Q: 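Sharing a structure here in structure tokens format.
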Number of protein chains: 2
Amino acid sequence: MAKEKNYVSEAVMRRMPKYYRHLTDMEKAGIERISSKELSKRMGLTASQIRQDFNCFGGFGQQGYGYNVSELRQEIQKILGLHNEYHIIIIGAGNLGQALANYTGFEKDGFFVKALFDINPRLIGMSIRGIPIYDIDEMESFISENEVHIAAICTPKEKAQEAAEILIQSGVKGIWNFAAVDIAVPNQAIVENVHLSDSLYTLSFRMSDD
Amino acid sequence: MAKEKNYVSEAVMRRMPKYYRHLTDMEKAGIERISSKELSKRMGLTASQIRQDFNCFGGFGQQGYGYNVSELRQEIQKILGLHNEYHIIIIGAGNLGQALANYTGFEKDGFFVKALFDINPRLIGMSIRGIPIYDIDEMESFISENEVHIAAICTPKEKAQEAAEILIQSGVKGIWNFAAVDIAVPNQAIVENVHLSDSLYTLSFRMSDD
DNA sequence: ATAAATCTGCCATATTATTGACATGAGAGA
DNA sequence: TCTCTCATGTCAATAATATGGCAGATTTAT
């Protein structure tokens, strides 16, 4: 039923995770069906937009009925690629790196942290939830010997670009960047930035904006 | 020179922190002036867009010269409200809450963490970098006795909405939400979401999208 | 069984954002 | 001083995104 995925606009893509999140919650709450109108109230979007968003991937709904929650959730799960299993390594075992490694919430969606890497000799050899912290020098060989899909960069910003280059050269396709810099990468790789400072600045802006 | 700030589009607002970040880096690197063209190369935007963005706030540049880096940085700093000092409390002293408390990088922009709150008796009474962890029951009285501008919600998602309501009722204006839910708040309050799962899903989507 | 109400998928329209073009003014060099 | 070059601010054109409306399919009520 679903059309071949060709082009999906940036705007639509950014909303898909949100749909997935809400649908997962609804399914857990035992809700079986939902109309675009109800969903729009719940999510603060227009019903029209929701219908159009889903239509990028082919129609999942039924006239007069609406959408089946768990079916729709499954479709979006597939669209997001969450039916796959991803292996993650974390570069930088500082505050943030450790917090990510400790967090188990992503495992239900198939994301598993396999190792951390750091330069600090006091951290190397330790482990978090059984996940080992290795010397950063071992990163390349680890990647070549283990399947690594995603690397989370949690280094100071000065080291982030260099780390990314090594990672991509070693064959890692996805970079989840937490360092406060915009990383430049070749086309085959994909960077998703989480700029905490940007979001804090935005908050500040909106708080002072009136 | 700068026009009165009236309406700034979402899109422009989201780019401002990025400008600030790059300008700060440039200033630190000793760069004195920059043209929109050069900046566009550096940031991956078009020169036209950059000029138009800055013009939302009044012209900061000079024909034939370009923009003075440190002057422009200062203007954007003011626009973002980063000339103020903000007091932050963190709700939930788990992995992420602790990581935020340990991170000192926001202090240079005037953001100071004053306290953490948790329900876990093993954490209550401890401190992080000298920042105390209190019982969540003391949150309201703490807010009334201390000036608190921003609360970072780092609780499990089930508790996030409730926490937000208490916070806003107590007079906190800004919510920096790290829980994986969309928090509903009255108009006077401002919520900035950091949905790590959304960003990871987006990465997954783009990695499987070809 | 039939009528009324519901709700999707799609298309046409409206709104918003980005890009391109250019007149004008400042700086640099001779 | 004069001319050439550079680069802004602004406006118009284009592109992207969101909204509104409706035909037709499906469910629900009678």
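Proteins get letters first, then strands, A, B, ... in listed order; numbering begins at 1 in each. This is a predicted model, so every value here is computed, not measured.
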Q: Grab the CD-P distance between E10(B) and dT16(C) for me, whole Å please.
A: 13 Å

Q: May I have the distance from L39(B) (atom CG) to dG9(D) (atom P), rounded to whole angstrom?
A: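 The distance from CG of L39(B) to P of dG9(D) comes to 13 Å, rounded to the nearest Å.
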
Q: Is there a side-chain contact between N55(B) and the phosphate of dT10(D), meaning an N or O under 4.0 Å from OP1 or OP2?
A: yes

Q: For dA7(D), does either OP1 or OP2 sit under 4.0 Å from a side-chain N or O belonging to Q62(B)?
A: no

Q: Rounded to whole Å, how long is the line connecting atom CD of E38(A) with atom C1' of dT6(C)?
A: 11 Å

Q: Rounding to a whole Å, what distance do you find between Q52(B):CD and dA12(D):P?
A: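 Value for this atom pair: 12 Å.
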
Q: Any side-chain N or O of Q49(B) less than 4.0 Å from the OP1 or OP2 oxygen of dT18(C)?
A: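 True: Q49(B) side-chain N/O within range (under 4.0 Å) of dT18(C) OP1/OP2.
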
Q: What is the distance, to the nearest angstrom, from the CD1 atom on I50(B) to the P atom on dT8(D)?
A: 9 Å

Q: Look at the side-chain N and O atoms of S48(A) and state whether any lies under 4.0 Å from the OP1 or OP2 oxygen of dA18(D).
A: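 Answer is no, no contact under 4.0 Å.
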
Q: Look at the side chain of Q63(A) against the base of dT8(C) and say whether a donor-acceptor pair falls under 3.5 Å; ignore hydrogens and angles.
A: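 Looking at the base of dT8(C), it does pair with a donor or acceptor on the side chain of Q63(A) (distance under 3.5 Å).
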
Q: Are R42(A) and D182(B) ion-paired here, with the side-chain N under 4.0 Å from a carboxylate O?
A: no

Q: Does Y67(B) make a side-chain N or O approach to OP1 or OP2 of dG9(D) shorter than 4.0 Å?
A: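 Looking at the OP1 and OP2 atoms of dG9(D), one of them is under 4.0 Å from a side-chain N or O of Y67(B).
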
Q: Quick one: which of I128(A), V113(A), L96(A) gives a side chain to side chain contact (heavy atoms under 4.5 Å, CB included) with I90(A)?
A: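 Only one of I128(A), V113(A), L96(A) forms a side chain to side chain contact (heavy atoms under 4.5 Å, CB included) with I90(A), namely V113(A).
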
Q: If I take atom CG in residue N68(B) and atom P in nucleotide dA7(D), what distance separates them, rounded to the nearest angstrom?
A: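 One finds 15 Å between P of dA7(D) and CG of N68(B), rounded.
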
Q: Where each residue is assigned the nucleotide of DNA chain D containing its nearest heavy atom, which of G66(B) and T46(A) is assigned the position nearer the 5′ end?
A: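 On the 5' side of the pair lies G66(B).
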
Q: Both K37(A) and Y65(B) contact DNA chain C. Taking the nearest nucleotide for each, which residue is further toward the 5' end?
A: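 Here K37(A) is the residue nearer the 5' end.
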
Q: Between the side chains of Q169(A) and E165(A), does any donor sit under 3.5 Å from an acceptor?
A: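 No, no side-chain donor-acceptor contact under 3.5 Å.
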
Q: Ion pair present between E10(A) and R14(A), side-chain N to carboxylate O less than 4.0 angstrom?
A: yes

Q: How long is the line joining CZ of R15(A) and P of dA16(D), in whole Å?
A: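 In whole Å, dA16(D) P lies 15 Å from R15(A) CZ.
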
Q: Within the structure, does a side-chain N or O atom of R14(A) lie under 4.0 Å from either OP1 or OP2 of dA16(D)?
A: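 For R14(A), the contact criterion (side-chain N or O under 4.0 Å from OP1 or OP2 of dA16(D)) is not met.
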
Q: In whole angstroms, how far is the P atom of dG25(C) from the CZ atom of F60(B)?
A: 21 Å

Q: How do I34(B) and V12(A) order along DNA chain D: which one's closest nucleotide is nearer the 5' end?
A: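 Closest to the 5' end, via its nearest nucleotide, is I34(B).
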
Q: Set out, in order, the CA-CA distance, both residues' side-chain angles and the distance that settles side chain to side chain contact (heavy atoms under 4.5 Å, CB included) for F178(B) and L100(B), then state yes or no.
A: CA-CA 11 Å; F178(B) 288 80; L100(B) 281 181; 3.7 Å; yes

Q: Let me spell it out: for each of R51(B) and R33(B), pick the nucleotide of DNA chain C with the closest heavy atom. Which residue's pick is nearer the 5' end?
A: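 Taking each residue's closest nucleotide, the earlier one in sequence belongs to R51(B).
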
